[in-house]
Amino acid sequence: MYEETERKSKMNVMEHAKQQVAAIVQAAYDKAVQVGALPQAETPAIAVETPKDAANGDWACTAPMQWAKPLRMAPRKIADALAAHLELSGTCFEKVEIAGPGFMNFTYAPSWYQDAVRTAVAEGKDYGRTRVDKPEKIMVEFVSANPTGPMHMGNARGGVLGDCLAEVLEWAGADVTREFYINDAGNQVDKFAHSVEGRYIQALKGEDAIEFDESWYQGADIKELAQLLVEQHGDKLLEMTPEERFDVIVNFGLPYNIAKMKKDLERYKIHYDVWFRESTLHESGAVAETVQMLTDAGVTYEKDGALWLRSTDFGCDKDDVLRRANGFYTYFAADIAYHRNKFQTRGFDRVINIWGADHHGHVARLKKALDAIGLNGSERLEIVLMQLVRMMQGGEVVRMSKRTGKSLTLSDLLDEIPVDAARFFFNSRAAETQMEFDLDLAVKQDSDNPLYYVQYAHARICSVLRSAAEAGIALPDVAATDLTVLDHADEKALIRAIARLPEEILSAAHDRDPSQLNKYGVSLASHFHRFYNACRINDAEPALRDARLALCLATVQTVRNVLGMIGVNAPEHM
């Protein structure tokens, strides 16, 4: 069991080193106590952190400051006593220096750098992945756009943020399900059907045949659906009852739009595990059952023929209708039932929803409603609120598609810029920050474009490896290569950057912020470009050449894994 735990730890060489610092300091303290150099006392857990200045070593231990009070000694004296009893042999550190009031600064030994390179190559496509014995079962629900029209830029941003978040959670060890919630019931479907019906009648009888209600959907997509109905049915729908015509429109229009959504999202490299229909909740009786559970919990009341949830008892600004006076359940009631299905029926430990910031008022009431029926929504449901995005081109805001002259949709965007650029740029800012998407920069073929900069690093390494093969140089067996010669400052900086990948993934997952991967990718590429410009590779003497080629192999794998998590290509030629 210990060996298995150690093996998992060494996949993350930074975490392994951090744990070693704490173990080394604890062992030094125990020895110091034994010889009377330090008093025995109840001490806090040992804190280890990364120094802000790289000149202060690779890890800093602040235990002397933490222990000053319980040991009743000056931090510097504690640090000196600990240093006198430190044992570094067999560890990944070569020295420890005492600085300031009692910082203990640890510096990596050459063996750590060798382990970092070899780990990245040995783990290959799984380098950076954390394995856990009992993964948390997490659902990430994102986009979930109404199937009544095309997807807009908010959906485009939310799609990438949700997909990338799901990916980093998987890499961090979770069992993740990606889900799209199809709102195929309720008022918006009625509105959709009436809108298409109105345009259908106008298409057959002229604009003046029916007044098109201002509350109906006004988009050109509605006219397109109406025209398709004319092509398929002619004027036969006019002979039907309104109810029959409604069913034909809904049964044609919603599947048509959903299929288009799926096609656009597949093009966007987003693949869902589950497409969940709201209508199934009503058909199965789950909505009615959930509302009854709320009533049984004593958190509802009746007023004016409607059933209300006492949301104000939960600290919300107003109460919410669950069942209208006409007997129809509200979208909020269905949403509570949907989340009950997630937790109680399907057994997810945690649910993360990516929502637009305009839904912020809905967060607390949904969580509290789940609390009321015993599902602990306050702890188990997480809402990531996403701010708006502005599309910019030529320094001006872009709202319309040049091709169609209509509001810019996801499909329009992917006609104008590469999918990789859309994904990388939409993932470049944390969800809670507003962003400007520069369409000009997204297609720029130089280092100003961060995606190009990272992809070029990958292509450049591939070029180095091809050149070696063309020169008859065999790529080294990294496990058997002498890597002690990698002592140039830029080599070491690159290796430290490679070693950060597992921690970057864990941090992105913990913070629910996949944009950290973009920043890490740019930083990693920067370290490689500096190494490439400072260090000869294929024309270096053989031992150094092989070590640097091994470093290239570790780097190319790390870059490839990062780009893969963001969902963009790692090109071998540019």
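Worth saying up front: this structure is predicted, and the values here are computed from it rather than measured.
Looking at Q34 and D30, their side chains never bring a donor and an acceptor atom within 3.5 Å of each other. Checked by atom type, the side-chain pair H271/R178 shows no donor-acceptor distance below 3.5 Å. A donor atom on one side chain and an acceptor atom on the other are found under 3.5 Å apart for H529 and R460. Side chains of N353 and H339: a donor on one and an acceptor on the other come within 3.5 Å.
Checked for salt-bridge contact, E503 and K18 miss the test: no charged N lies under 4.0 Å from a carboxylate O. The residues R536 and E541 are annotated as not salt-bridged, no charged nitrogen and carboxylate oxygen being separated by less than 4.0 angstrom. The pair R76-D80 meets the salt-bridge criterion, since a charged nitrogen lies less than 4.0 angstrom from a carboxylate oxygen. Here K342 pairs with E141 in a salt bridge; the nearest charged N to carboxylate O distance falls below 4.0 Å. Of the charged side-chain nitrogens involved, at least one lies within less than 4.0 Å of a carboxylate oxygen, so that R131 and D126 count as a salt-bridged pair.
The ring of F531 has its center no closer than 6.0 angstrom to the ring center of H488.
With sequence neighbours excluded, no residue forms a salt bridge (Lys or Arg N to Asp or Glu O under 4.0 Å) with K263.
Minimum interatomic distance between N105 and A99 (heavy atoms only, all atoms of both residues): ND2-CB, 3.5 Å.
L544 has its side chain within reach of E491: a pair of non-hydrogen atoms, C-beta onward, lies under 4.5 Å apart.
Screening residues 512-524 for side-chain hydrogen bond (donor to acceptor under 3.5 Å, both in side chains), with sequence neighbours left out, gives E382-R512, N427-N518, S507-Q516, D511-Q516, D513-S515, S515-K519.
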